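Notes for the one structure printed next.
Here the structure is a predicted model, which means the values were calculated and not measured. So that the names make sense, note that chain A is the first sequence line, chain B the second, and so on, each numbered from 1.
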Amino acid sequence: MTAAKVKQDMPPAGDYGPIDYKRNLLRRGLSGYSMLALGIGTLLYRYWKIIKCNREHRRLQIEDFEARIPLMPLFQAETDRRILHMLRENLEEEAIIMKDVPGWKVGKSVYNTTRWLPPLLVELYGLRPLEERVFANIMRYT
Amino acid sequence: MPFLDVQKRFGINLDRWWTIQSAEQPYKFPARCHAFEKEWIECAHGISTIRAEKECKIEYDDFVECILRKKTMKRMDTIWRQREKLMKEGKYTPPPHHMVKGEPRP
């Protein structure tokens, strides 16, 4: 209660400067609507580009097919010749192997019909090593 | 149902495509035993089971053989066994392209 001046912690001479307490978000960048427009515009442009690219891809694919389709009879004829050759070889091998077996008809078909059936892998590669059959099985689907 | 053919009346095909192998397929891909099945069905349709078993035995046997290939495998098996027997006795050597040596022909 004395009137003596006690050393207290007081603000400096002249008050503190102004304190900014208000929001200070910068108004920069695009607005919301324009960002939306930019996004949608990019989407539409890219869709159009994809459509164009797909059409071009389809044209190239048609060109590939046009090269493949006329050659298909040739390949089919080759495969058929090869299959017939292998069946003939197997028939002859079978005749040699089953020479001494009584009552064996070489090349007897197990069916009652004379229709041509595409031979099984086992019939073609039966007398060959196993890898050839496995390989043929894979190559059938490629 | 046989007398109320609902699917034919409405022109829809809900389950006709998987009743038999020879049914109408998309892209017309035939089954492996399509011909045998067709023959058997044509032979056996409309007559009773007892009669069909007697009269259509040939077609049925061919159809079953096409699916199961039992006779084919048995035949191959006999040939294989004979071949192994002869190879063990030394009376038969397979040509080189049947074993791994030699170049693969054809």
Side-chain angles (χ1 to χ4, degrees), chain A residues 65 69 74-141, chain B residues 21-22 29-43 54-106:
Chain A
F65 285 160
I69 286 174
L74 185 68
F75 293 145
Q76 187 64 39
E78 275 183 17
T79 317
D80 286 343
R81 269 197 293 266
R82 180 171 178 264
I83 287 179
L84 287 175
H85 186 68
M86 284 168 74
L87 285 175
R88 180 78 208 170
E89 276 185 358
N90 285 354
L91 185 72
E92 284 165 9
E93 283 299 318
E94 186 191 330
I96 296 175
I97 292 176
M98 308 297 278
K99 237 182 354 215
D100 304 321
V101 175
W104 181 263
K105 297 195 205 36
V106 178
K108 174 174 180 296
S109 161
V110 287
Y111 294 95
N112 301 328
T113 169
T114 50
R115 188 178 267 144
W116 165 256
L117 286 148
L120 300 175
L121 277 185
V122 146
E123 287 177 29
L124 287 174
Y125 293 95
L127 300 169
R128 290 169 183 246
L130 184 63
E131 299 95 49
E132 280 198 35
R133 210 177 316 161
V134 170
F135 188 67
N137 207 5
I138 298 172
M139 289 308 281
R140 177 185 275 221
Y141 296 106
Chain B
Q21 278 186 24
S22 314
F29 283 135
R32 193 168 73 169
C33 305
H34 179 278
F36 291 114
E37 196 189 13
K38 191 162 179 294
E39 300 247 300
W40 181 55
I41 290 179
E42 275 170 7
C43 168
K54 275 192 298 228
E55 293 177 14
C56 302
K57 194 160 188 343
I58 300 178
E59 283 94 354
Y60 181 67
D61 281 341
D62 280 345
F63 180 42
V64 167
E65 164 62 27
C66 175
I67 294 183
L68 298 176
R69 306 272 177 180
K70 275 196 173 157
K71 295 191 241 181
T72 314
M73 296 313 290
K74 189 151 186 298
R75 200 183 139 83
M76 292 302 301
D77 187 56
T78 327
I79 298 177
W80 275 328
R81 282 182 202 273
Q82 180 73 12
R83 182 174 179 246
E84 294 296 315
K85 195 171 89 144
L86 287 181
M87 271 166 59
K88 203 184 290 189
E89 290 169 7
K91 290 187 196 157
Y92 169 76
T93 42
H97 66 270
H98 275 187
M99 310 307 277
V100 188
K101 322 182 255 303
E103 23 170 273
R105 287 203 283 125

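The part of A:R115 that comes within reach of chain B is its side chain, from C-beta onward, which places non-hydrogen atoms under 4.5 angstrom from that chain. With a 4.5 Å cut-off on non-hydrogen atoms, B:E59 does not touch chain A at all.
By the 4.5 Å heavy-atom criterion applied to side chains, B:K74 and A:V110 are not counted as neighbours. Residues A:V122 and B:T72 have side chains not in contact (no heavy-atom distance under 4.5 Å, counting atoms from C-beta outward).
When the side chain to side chain contact (heavy atoms under 4.5 Å, CB included) test is applied to A:I83, the partners found at least two apart in sequence or on another chain are A:T79, A:L87, A:P119, A:L124.
Remark: B:I58 CD1 is loosely packed, at most 12 non-hydrogen atoms of other residues, nucleotides or ligands lying under 6.0 Å away. Environment of CZ in A:R133: crowded, with over 12 heavy atoms of neighbouring residues, nucleotides or ligands closer than 6.0 Å.
With rounding to the nearest 0.5 Å, the separation of NZ in B:K71 from NZ in A:K108 is 7.0 Å. B:T78 OG1 to A:M98 CE: the interatomic distance, rounded to the nearest 0.5 Å, is 6.0 Å. To the nearest 0.5 angstrom, B:K57 atom NZ is 9.0 Å from A:N112 atom CG. Interatomic distance, CG of A:L117 versus CZ of B:R69, reported as 6.0 Å (0.5 Å rounding).
The two residues A:G126 and B:M76 have their closest heavy-atom pair at CA-CE, 4.1 Å. Closest of all the heavy-atom pairs between B:R83 and A:L127 is NH2-O, 3.2 Å. Looking at every heavy atom in both residues, B:L86 comes nearest to A:I97 through CD1-O, 3.4 Å.
Note on residues 91-112 of chain A: pairs passing ring pair (Phe, Tyr, Trp, His ring centres under 6.0 Å), not counting sequence neighbours, are A:Y111-B:F36.
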